[in-house]
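We count residues from 1, following the sequence as given. The shown structure was predicted, so the numbers you read here are calculated from the model rather than taken from an experiment.
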Amino acid sequence: MTKEFDLATLLAERGAERYELHARHLNHQLPRMLHTIGFDKVYERAEGAHFWDADGNDHLDMLAGFAVMGLGRHHPVVRKALHDVLDASLPDLTRFDCAPLPGLLAEKLLSYSPHLDRVFFGNSGTEAVETALKFARYATGRQRILYCSHAFHGLTTGSLSVNGEDGFRKGFAPLLPDTAVPLGDLDALARELKKGDVAALIVEPVQGKGVHEAPPGYLLAAQELLHRHKALLIADEVQTGLGRTGKFYAYQHDDGVEPDLVCVAKALSGGYVPVGATLGRDWIFQKVYSSMDRVQVHSASFGSNAQAMAAGLAVLSVMENEEIVANAAAVGERLKSRLAELVDRYELLADVRGRGLMIGIEFGRPRSLKLRSRWTMLQTARKGLFAQMVVVPLLQRHRILTQVSGDHLEVIKLIPPLIIDTDDADRFVDAFTQVMEDAHSGGGLMWDFGKTLVKQAVANR
């Protein structure tokens, strides 16, 4: 006789096997990496911008699940909406009706970008990008997509084609026709557009990798160039959208910018149900869905499911009622300004940049001989090791979760839940200041860990 399924019992009986199960059945390199950098923690519960380990220790989340947890974990309004939609026993995903929740969420989303008219719902950021690429190519009748150097737009084949990191692309060719142009370089964009085969430029208004912002005026000038050559502007707001940068969309920091297609995901989920959305102009959707014969020419099996739509509606309601965008702007400015004050104090700290609660902390070559020799040792082994050296004590000593901004980068990216308050911001700055003090004083444990990372980097060559 089989036992009735009980999730709490299953977790109690098998939860301690989490790392062994991943090593045996999933990506075996994940637990190996976590063990190496000392991130092999066991977390028991979470709420808001905090989670607690098995010993009851509070940890501050400055990563937000790579920006998924915009409202933090287990926001009560989103949680209630999901309970309500499950209790409603809706006839979900019949595929041959028009359910109300997708229409309501689309209407609400479009109210934040009134120049756009229609929405396609998928299940992730990379699906939102795939949709934008397909729609741009079909609507313009052209094949080539331009993207910016160092961009990250996802890891499925289409989105990988516009990914600026060679490490992700290696071994997966052939990809879609594409060309990289430097972020902010209008001359390079103009040269490519003159060839007459460009469907669109896809751009993150603030790049996640390295936290590099498009220069002021670039998006508007790029939009004008693209439209002059009958090409489209795609704004990838998967990470920057829904208030992350202190505006609802990051492109809204530049007046007059009106992308033809906008991709969102991550925070729209409330951290519960995967969802992605591609917003676009009516004429683009009219071309793609040009007849009843083409009604299913682009679709997603789980797109527009009731749980995801309910979560999205609840998220947008919370954002308005709790003034989440204003909080991200205010707390982000405090965090950034306090960190910027440290640049002149610590020679290993090169720059602090970003908008709202998307902040990059970059480290650079120090002036003093002793620190410079240690820096050189790390750089020779593998670029990016110093940033990882900072991330580890932040977690192990100060119980603050952060991560590096990309492979081979000496940059830490802060993308906390948008609900963090000034106490959380000050907690991070105080902890970071202590880590910098240890690094500059030659704190043994930190540099000893650096030697461990060097050995691991050499072994992996």
Under 3.5 Å donor-acceptor, R353 side chain and V211 backbone:
yes

Donor-acceptor pair, side chain of E237 and main chain of A250, under 3.5 angstrom
yes

With heavy-atom distances below 4.5 Å as the criterion, would you say the side chains of F432 and L349 are in contact?
yes

Minimum side-chain heavy-atom gap V315-L71 below 4.5 Å
yes

Begin with the C-alpha distance, continue with both residues' side-chain angles, and end with the deciding distance and a verdict on side-chain contact (heavy atoms from CB on, under 4.5 Å) for N163 and Y147.
CA-CA 8 Å; N163 191 314; Y147 64 97; over 6 Å; no

Quick check against the 3.5 Å criterion: does Q223 have a side-chain atom that pairs as donor or acceptor with the backbone of E258?
yes

To the nearest 0.5 Å, what is the distance between CE (M69) and CG (L63)?
10.5 Å

Salt bridge check, K108 against E320: does any charged N sit closer than 4.0 Å to a carboxylate O?
yes

Does R365 qualify as a cation-pi partner of W375, given the criterion of NZ or CZ under 6.0 Å from the six-membered ring centre and within 45 degrees of its axis?
no

side-chain contact (heavy atoms from CB on, under 4.5 Å) for M62 and I415? Distances and angles first, verdict last.
CA-CA 6 Å; M62 297 295 285; I415 44 173; over 6 Å; no

With a 4.0 Å cut-off, would you call R73 and D61 a salt bridge?
yes

Any side-chain heavy atom of P259 within less than 4.5 Å of one from H115?
yes

Please answer whether the main-chain N or O of G384 pairs with a side-chain N or O of E410 as donor and acceptor at a distance below 3.5 Å.
yes

Quick one: do R14 and E17 make a salt bridge, cutoff under 4.0 Å?
yes

d(D407 CG, F168 CZ) to nearest 0.5 Å is 7.0 Å

Side chains of Q239 and K413, donor plus acceptor under 3.5 Å
yes

Find out whether V275 and M309 are in side-chain contact, i.e. whether some heavy atom of one side chain is under 4.5 Å from a heavy atom of the other.
yes

Do the side chains of D254 and Y218 get nearer than 4.5 Å, heavy atoms only?
no

The test is side-chain hydrogen bond (donor to acceptor under 3.5 Å, both in side chains); show your working for E204 and T240 and say whether it passes.
CA-CA 8 Å; E204 303 157 278; T240 55; over 6 Å; no

Step by step, work out the side-chain contact (heavy atoms from CB on, under 4.5 Å) result for I324 and I419.
CA-CA 7 Å; I324 298 298; I419 60 168; 3.8 Å; yes

Around atom OH of Y19, are there more than 12 heavy atoms from other residues, nucleotides or ligands closer than 6.0 Å?
yes

Quick one: does D424's side chain have a donor or acceptor within less than 3.5 Å of a partner on D421's backbone?
yes

In sequence, state the C-alpha distance, the side-chain angles, and the governing distance for H153 and T126, and then conclude on side-chain hydrogen bond (donor to acceptor under 3.5 Å, both in side chains).
CA-CA 7 Å; H153 298 291; T126 196; over 6 Å; no

Hits for side chain to side chain donor-acceptor pair (under 3.5 Å) against K134, two or more places apart or cross-chain, chain-then-number order -> H298

Which class fits the ring pair Y112 and F248: parallel under 30°, tilted 30 to 60°, perpendicular over 60°?
parallel

Any sub-3.5 Å donor-acceptor pair from N321's side-chain atoms to V318's backbone N or O?
no

Report yes if some heavy atom in the side chain of I400 is under 4.5 Å from a heavy atom in the side chain of R427; otherwise report no.
yes

Whether R399 side chain and D58 backbone form a donor-acceptor pair below 3.5 Å:
yes

Could you tell me how the ring of Y346 sits relative to the ring of H440: parallel (under 30°), tilted (30 to 60°) or perpendicular (over 60°)?
tilted

Taking the side chain as every heavy atom from C-beta outward, state whether L268 and L109 have any pair of such atoms under 4.5 Å apart.
yes

Value rounded to 0.5 Å, distance of CD in E322 from CG in N327:
9.5 Å

Given the rule in the side-chain contact (heavy atoms from CB on, under 4.5 Å) test, do D55 and E44 qualify, once you have shown the distances and angles that lead to the verdict?
CA-CA 9 Å; D55 297 321; E44 295 289 337; over 6 Å; no

Can you find a pair of side-chain heavy atoms, one from I412 and one from S405, that are under 4.5 Å apart?
no

State whether the side chain of E130 and the backbone N or O of S159 hold a donor-acceptor pair below 3.5 Å, judged by distance alone.
yes

Can you tell me if Q207 uses its side chain to pair, donor with acceptor, with the backbone of S149 under 3.5 Å?
yes

Apply ring pair (Phe, Tyr, Trp, His ring centres under 6.0 Å) to the pair H59 and Y43, showing each step before the final yes or no.
CA-CA 9 Å; H59 292 68; Y43 300 112; 5.3 Å; yes

Residues two or more places apart in sequence or in another chain: which of them pass side chain to side chain donor-acceptor pair (under 3.5 Å) with E20?
none

Counting distance only, does the side-chain N/O of D53 pair as donor-acceptor with the main-chain N or O of G56 below 3.5 Å?
yes

The reported gap from CG in L242 to CG in L316 (rounded to nearest 0.5 angstrom) is 6.0 Å

Apply salt bridge (Lys or Arg N to Asp or Glu O under 4.0 Å) to the pair R169 and D178, showing each step before the final yes or no.
CA-CA 12 Å; R169 296 166 64 100; D178 59 71; 3.5 Å; yes

